[in-house]
Amino acid sequence: MGRLMPSHRSDTEAAAPVLPPSDLLFWGALFAGLDRSRAFLQLQIRQMIVTAIEDGRLPLGVRMPSSRDLASLLKVSRNTIVIAYEQLVDQNFLVSRERSGYFVVGLPKQIAIEPDSAIATTGGDVRWTERFALHPTSFRNIVKPLDWQNYPYPFIFGQFDPGLFPTNNWRESARAALSVPEINNWARDMIDGDDPALIEQLQRQVLPRRGVRARSDEIMMTIGGQHALYLIAKLFLGATSRIGMEDPGYPDARNIFSMLTSNVVPLGVDQEGMVPDAAFERCGLAYVTASHQCPTAVVMPLKRRLELLRIARERNIILIEDDYESELIHEGNELPPLMSLDRDQTVLYVGSLSKALAPGLRLGYVVAPVPVIRELRALRRLMLRHPPLNNQRVAALFIGLGHYRSHLQQVAKVLLERAKLLDRLLPQFLPNCTWTRGAGSTNYWVSCPPGTDATRLAEAARARGVVIEPGEVFSMNEAASRHCFRLGFSSIRTDRIEPGIERLGTVLAQDLCSH
């Protein structure tokens, strides 16, 4: 069949649509969600047509509006509509009939999707609840609004800052990964393996920055650092295993450990990080964030790191080191992680590319002795075989092309500027509070006056456009950190920091006056 050819008429020359009024209403409603402020209008239009075909709103045989009429209706280029139509013809959703137009041929679903409210329930919630072996929804987790980017002052930790993401360099790496030779590399199933190119780049450019040297068979990729923690816990923890957990500490790690053992032991934290006391000495494993303690952000000094390693060696304790934020900001002398100081194979090292790039990338890794990596690979295979190889190859190219190193240099300058700004602003606008932030960290741990409910404070601040993270979830005893909150600055624009802190200070002052 012949295909309609695009006209050379410009956008401004597009004629007014000649569709009947009833058709105008229908097609206008069909494309009501089109966002002209976003790029890729053609992709949006294609997706809307495919969705309408699949859910039955565009049944077989329906004639689509002419490219000129639809372009005029949607106020887009006619070529945009022609390209969208031709792509849908290639995908067998539409057919082009000479001198007649485009018609729907893609098979619609036999049963349209009912709205959630129309789906009948039979009281099955109770029946399912009784069958669950555990209830993960009951765990206390860090809560961040999914639409945090819509708030003017998002002081949250570890999230994506569009202004700092290396869009062009990442796009170049992604395009390179889509070449035919590269596709042949990553499209295959590696079973329980990883992209050797990414492992090599970790060995050459990422781990040496932290003083860690590892063989290729001592490294395994994961879907983020949290996935690594889960795999390690699953491999080592039995029902009665004794594992030490920093308190306050990372809630998701605590929840993972609690699912597998009833013996999670709180370990104290002071101004030098986790305290290696008698409780620590009785543990079989211990989770530690030495570089920047989560959430207090204090840095463990070298003397304590060496003491921790000595006790771990003498007591045969496995240390799970979560190096989640590996020196994004360069301030003073950087201390080596426990892994780089370990001479007795007592440390399992967990790292991630998420904090440096974007959390949605979901690429983490484990560095551990060969026997451990071997078992972790076998365990990971049962869960998901391996992280997507296309993502691994893009990351490998990004690092190998030198983009990773230059990106870290740029990010370090911006984050250091923000940290210095907050160092000046916090005493001015939060005079009744104290805080900690170790060198290189991208968050402050803020302690409000006794009696302050940081959860209530966070709700009031959020109503004023300021997002902070209440601290009670970080402690096993909620009351211990109820007056604290975490203040991150990696996700907020520098020019928003001062008005945001000023507004937060006003909300806190009002809260203190009312109680």
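Being a predicted model, the structure only gives us computed values, none of them experimental. Atoms considered below: every heavy atom in the structure, side chains included; atoms not considered: hydrogens, waters and symmetry mates.
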Trace of the side-chain contact (heavy atoms from CB on, under 4.5 Å) decision for L306 with L302: CA-CA 6 Å; L306 295 175; L302 180 60; 4.1 Å; yes
[Y] backbone acceptor or donor facing [X] side chain under 3.5 Å:
X	Y	value
Q410	H407	no
T296	Q271	no
R437	S441	yes
D344	T346	no
H292	Y324	no
S241	G238	yes
R362	P359	yes
D147	N150	no
T51	M48	no
R493	G163	no

We want to know whether [X] and [Y] form a side-chain donor-acceptor pair, criterion being a heavy-atom distance below 3.5 angstrom.
X	Y	answer
Y349	D323	yes
Y287	E321	no
E246	T289	yes
S490	R418	no

For Y365, all residues meeting side chain to side chain donor-acceptor pair (under 3.5 Å), sequence neighbours excluded: none
Contact check, side chains of [X] and [Y], non-hydrogen atoms, under 4.5 Å:
X	Y	result
L202	M221	yes
L338	V288	yes
L237	F257	yes
V372	L348	yes
D322	C294	no
P152	R496	yes
I256	L229	yes
V265	M245	no

So that I can tick it off, tell me whether [Y] and [X] are bridged by a salt bridge, with the cut-off set at under 4.0 angstrom between side-chain N and carboxylate O.
X	Y	answer
D192	R380	no
R254	D247	no
E314	R310	yes
E472	R140	no
R204	E200	yes

Just how far is it from atom [atom1] of [X] to atom [atom2] of [Y], taken to the nearest 0.5 Å?
X	Y	atom1	atom2	answer
T222	M383	OG1	CE	10.5 Å
D195	E182	CG	CD	8.5 Å
R282	R242	CZ	CZ	5.0 Å
L389	D194	CG	CG	7.5 Å
R213	M339	CZ	CE	13.5 Å
I232	H227	CD1	NE2	10.5 Å

CA sep, side-chain torsions, deciding dist, call: V366, I219, side-chain contact (heavy atoms from CB on, under 4.5 Å): CA-CA 6 Å; V366 179; I219 307 171; over 6 Å; no
Step-by-step side chain to side chain donor-acceptor pair (under 3.5 Å) determination, Q409 to S406: CA-CA 5 Å; Q409 292 172 350; S406 62; over 6 Å; no
Steps toward salt bridge (Lys or Arg N to Asp or Glu O under 4.0 Å) verdict (R304, D270): CA-CA 11 Å; R304 179 166 293 186; D270 62 15; 2.7 Å; yes
Search all heavy atoms of [X] against all heavy atoms of [Y] and return the closest pair with its distance.
X	Y	result
T455	P470	OG1-CB, 3.6 Å
Y153	I492	CA-CD1, 3.8 Å
A214	Q203	O-NE2, 2.9 Å
P248	S481	CB-OG, 4.2 Å
R305	A290	NH2-O, 3.3 Å
I329	A412	CG2-O, 4.3 Å

Candidate pair R486 and Y444, rule side chain to side chain donor-acceptor pair (under 3.5 Å), full reasoning: CA-CA 6 Å; R486 183 163 68 173; Y444 292 78; over 6 Å; no
Pair V275-F280, side-chain contact (heavy atoms from CB on, under 4.5 Å): steps then yes or no: CA-CA 8 Å; V275 180; F280 168 73; over 6 Å; no
Candidate pair C433 and L508, rule side-chain contact (heavy atoms from CB on, under 4.5 Å), full reasoning: CA-CA 10 Å; C433 300; L508 177 59; 3.3 Å; yes
CA sep, side-chain torsions, deciding dist, call: S291, R210, side chain to side chain donor-acceptor pair (under 3.5 Å): CA-CA 10 Å; S291 296; R210 305 295 294 136; 3.0 Å; yes
Atom CZ of R503: over 12 foreign heavy atoms under 6.0 Å: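 Counting other residues, nucleotides and ligands, CZ of R503 exceeds 12 neighbours.
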By salt bridge (Lys or Arg N to Asp or Glu O under 4.0 Å) - contacts of D423 (at least two apart): none
All pairs passing salt bridge (charged side-chain N to carboxylate O under 4.0 Å, His left out) where residues 395-411 contributes a residue, at least two apart: none
Aromatic ring pairing H403/F398, orientation class (parallel under 30°, perpendicular over 60°, tilted between):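 Plane angle between 30° and 60°, so tilted.
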F485/W445 aromatic ring centres below 6.0 Å: no
H135 ring center near F132 ring center (under 6.0 Å):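 Yes, the ring centres sit under 6.0 Å apart.
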Test salt bridge (Lys or Arg N to Asp or Glu O under 4.0 Å) applied to D342 and R313, step by step: CA-CA 9 Å; D342 181 24; R313 179 184 67 249; over 6 Å; no
